[in-house]
Every structure is written in C-alpha cells, then in structure tokens.
Amino acid sequence: MQLNRHLDQSRDGGDDTGTGCFSIEIKRHKTASQSQLREWWQQCQRNAARQNKVPVLAFRADQQSWQVLMHPNYGFSEDDVRGCLRMDAALFCRYLMDPREFAHASAQRCH
C-alpha cells in the first residue's frame, strides 16, 4: 500500500494523506503534549468530517517513535481525544492492510 501526501492540503484544507475510508493527519513536532494532541485531533476531525471519512492522527515527537490515534466509538464522544486508541505506526499499518483481522480477533475474545 502506498500513501501519498496531499501537497495542497494546507491551502485547500483537508488531510495530509488518506486511504479508503481514512483521513490521516500527520504531525511531527519537538513535543506531543496533551494540549497539542487535543488541538491536532480537533483539526483531524474537521478534515475527516468534510470528507465523510474516519479521522486518524499520526504523530511523532523528537526522540520518540511514530504513534497513531484513532477513535473506537465505544461510548466516547469523538470530540474527546482521551477516548482514542493509541498505537504504534506498524500496528496501524497492519490494521490498514486487513481491518477484518482485528475485528475477528476481538470477536473471538468476547465469546
């Protein structure tokens, strides 16, 4: 799978990249504080809503690995970053390749 950056996104609005039903916002910063995550998540949500896609935030702070936030929609408001799932980029890429694998695994655990 190949993701391409939308180079005109800052001028036209929208996500940095995306695939399928996902709108992916990418942030690289010295830090990744809770207040920055809230701000980035709100931007991510706005961009995804304009496209009727699922918001995904990928970010990396200095000296840290890439992390990905997405919302599971299990009883939490999507406006609240505290309800998001947080994972490393490798796991998110596995999810992109086959979301059904994850749904199947969680269904197996519930029975």
Side-chain angles (χ1 to χ4, degrees):
M1 175 183 302
Q2 183 174 350
L3 297 175
N4 294 311
R5 182 147 194 222
H6 301 148
L7 297 176
D8 56 356
Q9 63 84 21
S10 60
R11 181 190 70 223
D12 298 338
D15 55 12
D16 289 324
T17 190
T19 182
C21 66
F22 299 100
S23 172
I24 304 171
E25 187 69 31
I26 301 168
K27 298 293 183 185
R28 173 74 175 82
H29 199 269
K30 181 179 180 180
T31 62
S33 68
Q34 279 302 111
S35 63
Q36 288 170 311
L37 288 177
R38 277 192 296 276
E39 180 182 319
W40 297 341
W41 181 249
Q42 289 169 354
Q43 177 187 3
C44 183
Q45 277 193 294
R46 287 190 304 270
N47 294 337
R50 280 195 287 269
Q51 302 171 74
N52 196 30
K53 291 187 172 187
V54 176
V56 175
L57 173 62
F59 65 95
R60 184 169 94 81
D62 286 353
Q63 313 297 316
Q64 302 294 318
S65 61
W66 281 97
Q67 297 288 302
V68 177
L69 287 177
M70 62 186 293
H71 212 286
N73 293 324
Y74 295 123
F76 297 101
S77 166
E78 279 195 19
D79 295 339
D80 194 340
V81 70
R82 296 172 301 164
C84 289
L85 296 173
R86 186 170 178 168
M87 65 195 86
D88 67 20
L91 182 60
F92 179 68
C93 288
R94 278 187 49 208
Y95 175 77
L96 280 178
M97 297 302 287
D98 190 4
R100 293 169 298 166
E101 173 190 342
F102 290 83
H104 177 71
S106 63
Q108 292 265 340
R109 287 187 204 109
C110 293
H111 289 97

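Heads up: numbering here begins at 1 and tracks the sequence. Just so you know, these numbers use all the heavy atoms, side chains as well, and skip hydrogens, waters and symmetry mates.
Here the CD-CG distance, from Gln45 to Asn47, works out to 10.5 Å after rounding to the nearest 0.5 Å. Separation of atoms CD (Gln63) and NZ (Lys30) is listed at 10.5 Å; rounding is to 0.5 Å. One finds the CZ atom of Phe92 at 4.5 Å from the CD1 atom of Ile24 (value rounded to the nearest 0.5 Å). Rounded to the nearest 0.5 Å, atoms CD (Glu25) and CH2 (Trp40) are 10.0 Å apart.
Partners of Glu39 according to the side-chain hydrogen bond (donor to acceptor under 3.5 Å, both in side chains) rule, which considers only residues two or more places apart in sequence or in another chain, do not exist here. Not counting sequence neighbours, Asn52 has no partner by the side-chain hydrogen bond (donor to acceptor under 3.5 Å, both in side chains) test.
At a threshold of 4.5 Å between non-hydrogen side-chain atoms, the residues Arg28 and Asp62 count as touching.
Nearest heavy-atom pair across Val68 and Val56 is CG1-CG1, 3.5 Å. When every heavy atom of Met70 is checked against every heavy atom of Trp41, the shortest pair comes out as CA-CH2, 4.1 Å. Between Lys53 and Phe22, the shortest heavy-atom distance links the atoms CD-O, 3.7 Å. Across all non-hydrogen atoms, the minimal contact from Leu69 to Cys84 is CD2-CB, 3.9 Å. The nearest pair of heavy atoms linking Ser23 to Gln51 is OG-NE2, 3.4 Å.
No side-chain N or O of Lys27 forms a donor-acceptor pair with one of Gln36 less than 3.5 Å apart. Ser33 and Thr31 are not linked by any side-chain donor-acceptor pair at a separation below 3.5 angstrom, with hydrogens and angles left out of the test.
With Arg94 as reference, Leu91 is the one residue of Asp98, Leu91, Leu96 to meet the side-chain contact (heavy atoms from CB on, under 4.5 Å) rule.
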Taking it one step at a time, do Trp66 and Ile26 satisfy side chain to side chain contact (heavy atoms under 4.5 Å, CB included)?
CA-CA 10 Å; Trp66 281 97; Ile26 301 168; 3.7 Å; yes
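For residues 79-93, every residue pair satisfying the salt bridge (Lys or Arg N to Asp or Glu O under 4.0 Å) rule, not counting sequence neighbours, is listed here: Asp80-Arg82.
Side-chain N or O atoms of Arg60 include one that pairs as donor or acceptor with a backbone N or O of Gln64 at under 3.5 Å.
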